[in-house]
Number of protein chains: 2
Amino acid sequence: MSKASQSELTIGRLAEAAGVNVESIRYYQRIGLIEEPVKPQQGFRKYPVRAVEHIKFIKRAQQLGFSLHEIAELLELGEGHCRDVRKRAEKKRDKIEGQIRDLQALHDTLSQLIGACRAGKNAHQCPIVEALLKQDTPANAC
Amino acid sequence: MSKASQSELTIGRLAEAAGVNVESIRYYQRIGLIEEPVKPQQGFRKYPVRAVEHIKFIKRAQQLGFSLHEIAELLELGEGHCRDVRKRAEKKRDKIEGQIRDLQALHDTLSQLIGACRAGKNAHQCPIVEALLKQDTPANAC
DNA sequence: GTAAACTCCGTACTCGCCTACGGAGTCAAG
DNA sequence: CTTGACTCCGTAGGCGAGTACGGAGTTTAC
């Protein structure tokens, strides 16, 4: 029985727990996004359980459109003084606001178009097409 | 004087007008994202002015996190019957809704953390760091 | 104590999205 | 009619984010 079984993981178990594959973890280590535990002279590296959350955070952030570089920045917010941390967080927040606005606009446009398409307002050209390309495309149907 | 000067562009002018570089346009053509005008037996290819909007649309969509492949799909909505177009547009809209929700959640989290950091609620660790990593990181400051 | 499963490490490969290069041909201004 | 800027076309290189591989060493289960 290993006395550390619930507080330490091998890379394989970590990968499984975090839902990524081993190679990705090794890649994150290579680029300095996560820390590589020292290798014991005997046996394999051991990862703390919280590394699971750490990696999940990376994946979540990535799905939100952050690059690994940006994620590294987010993580580095941890070093340095609170004021700096806050400044950078605010900047990030502004950027996110912009993204939300853009997506919202696209969403609204799509909704409007879907409505027009459903109503069949325009017999000779599909309103979606029309709007997407502003008089471009071969155009048929609708 | 060229009689078509305001309705046709060379690739260079198109690139300039759309704010991308020539190579990108050629790349988009290669992958079939935009159509390459036929080459006249004499002279250079001519692009219609609306190609500018077309490319700008691509860049806007890209900034919203669409891959070129997805953008191609959006553009292809133009082919096919209105019902199909609408179906795909609705799917896309749902996806965008999800993205907005995620970004909004991140935004709220960041806002909350920025507030906590500003209030200096937690003397021994920066709340942003704490929340980002859930008890990870070297941690100082704040 | 041996076999299967896993880790380690380096290197190489892939895929998406460009960017650069080079030797043509073409155009437009002087 | 020449010169400089631009186009054309193919091919190569680059960066981000992995993925694959292969020959070690190590651990674990039987």
Side-chain angles (χ1 to χ4, degrees), chain A residues 1-6 8-48 51-52 54-75, chain B residues 1-5 8-48 51 54-75:
Chain A
M1 55 191 155
S2 51
K3 70 167 186 276
S5 63
Q6 83 266 63
E8 305 202 301
L9 309 164
T10 62
I11 196 170
R13 291 189 189 291
L14 171 59
E16 195 186 4
V20 300
N21 75 41
V22 172
E23 303 302 330
S24 303
I25 294 177
R26 295 191 7 79
Y27 174 67
Y28 296 157
Q29 289 172 160
R30 244 177 292 151
I31 66 172
L33 189 51
I34 65 182
E35 211 183 319
E36 188 168 27
V38 287
K39 187 184 175 184
Q41 53 293 60
Q42 260 309 76
F44 303 148
R45 287 173 221 279
K46 294 293 184 184
Y47 295 79
V52 176
H54 196 141
I55 291 173
K56 281 186 178 169
F57 171 78
I58 292 170
K59 295 315 271 185
R60 275 196 306 271
Q62 231 179 349
Q63 279 169 3
L64 294 177
F66 291 88
S67 68
L68 293 186
H69 181 79
E70 287 176 311
I71 294 169
E73 278 182 12
L74 279 176
L75 294 174
Chain B
M1 53 187 154
S2 49
K3 69 168 187 276
S5 63
E8 304 203 303
L9 309 164
T10 61
I11 195 169
R13 291 191 189 290
L14 170 58
E16 195 186 4
V20 301
N21 75 41
V22 172
E23 304 303 329
S24 303
I25 294 176
R26 295 189 8 78
Y27 174 68
Y28 295 157
Q29 289 172 159
R30 243 178 291 151
I31 65 172
L33 189 52
I34 65 182
E35 211 183 322
E36 187 167 27
V38 287
K39 187 184 175 183
Q41 54 294 62
Q42 260 308 78
F44 302 147
R45 287 172 220 280
K46 293 294 184 183
Y47 295 80
H54 196 142
I55 291 173
K56 281 186 176 170
F57 171 79
I58 292 170
K59 296 315 271 185
R60 276 196 305 271
Q62 233 180 348
Q63 279 169 2
L64 294 177
F66 292 89
S67 69
L68 294 186
H69 181 80
E70 287 176 313
I71 295 169
E73 278 182 12
L74 279 176
L75 294 175

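Bear in mind the structure is a predicted one, so any value in this text is a computation, not a measurement. All chains are named by letter (A, B, ...) in the order of the sequence lines, taking the proteins before the strands, and each is independently numbered beginning at 1.
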Grab the [atom1]-[atom2] distance between [X] and [N] for me, whole Å please.
X       : N      : atom1 : atom2 : answer
A:Ile25 : C:dT7  : CD1   : C1'   : 12 Å
A:Ile11 : C:dA5  : CD1   : C1'   : 15 Å
B:Ile34 : C:dC18 : CD1   : P     : 12 Å
B:Arg13 : D:dT7  : CZ    : P     : 8 Å
B:Lys46 : D:dC8  : NZ    : C1'   : 14 Å
A:Leu14 : C:dC8  : CG    : C1'   : 15 Å

Q: Sugar-phosphate means primed atoms, P, OP1 and OP2; the rest is base. With that split, encode nucleotides 11-24 of chain D 5' to 3' as B, S or - using protein heavy atoms under 4.0 Å.
A: ------BBBBB---
Q.
Taking side chain to side chain donor-acceptor pair (under 3.5 Å) as the definition, give me every residue that meets it alongside B:Lys59, ordered by chain and number, with sequence neighbours left out.
A.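 Residues passing side chain to side chain donor-acceptor pair (under 3.5 Å) with B:Lys59: B:Tyr28, B:Gln62.
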**Q.** For B:Glu70, all residues meeting side chain to side chain donor-acceptor pair (under 3.5 Å), sequence neighbours excluded
**A.**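 Here the qualifying residues are B:Lys95.
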Q: Could you tell me whether the side chain of A:Ile58 reaches within less than 4.5 Å of the side chain of A:Ile34, counting heavy atoms only?
A: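 A:Ile34 vs A:Ile58: side chains touch.
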Q. Toward the 5' end of DNA chain C, which comes first, B:Phe44 or A:Glu36, by nearest nucleotide?
A.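 First, find each residue's nearest nucleotide; the 5'-ward one identifies A:Glu36.
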Q | Phosphate-side-chain proximity, A:Gln42 and D:dT27, N/O vs OP1/OP2 below 4.0 Å | A |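 A:Gln42 to D:dT27 OP1/OP2: side-chain N or O found under 4.0 Å.
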Q. Got a sec, which residues hit salt bridge (Lys or Arg N to Asp or Glu O under 4.0 Å) with A:Glu36, two or more places apart in sequence or on another chain?
A.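 For A:Glu36, the residues satisfying salt bridge (Lys or Arg N to Asp or Glu O under 4.0 Å) (neighbours in sequence not counted) are A:Arg45.
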**Q.** Sequence-distant partners of B:Tyr27, side chain to side chain contact (heavy atoms under 4.5 Å, CB included), two or more places apart
**A.**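 For B:Tyr27, the residues satisfying side chain to side chain contact (heavy atoms under 4.5 Å, CB included) (neighbours in sequence not counted) are B:Arg30, B:Ile31, B:Leu68.
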**Q.** All side chain to side chain contact (heavy atoms under 4.5 Å, CB included) counterparts of A:Glu16, not counting sequence neighbours
**A.**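 Partners of A:Glu16 under the side chain to side chain contact (heavy atoms under 4.5 Å, CB included) test: none.
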Q: Return the 5'-most residue of the pair A:Gly43, B:Val22 with respect to DNA chain D, ranking by each residue's nearest nucleotide.
A: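 Per heavy-atom nearest nucleotide, the more 5' residue is B:Val22.
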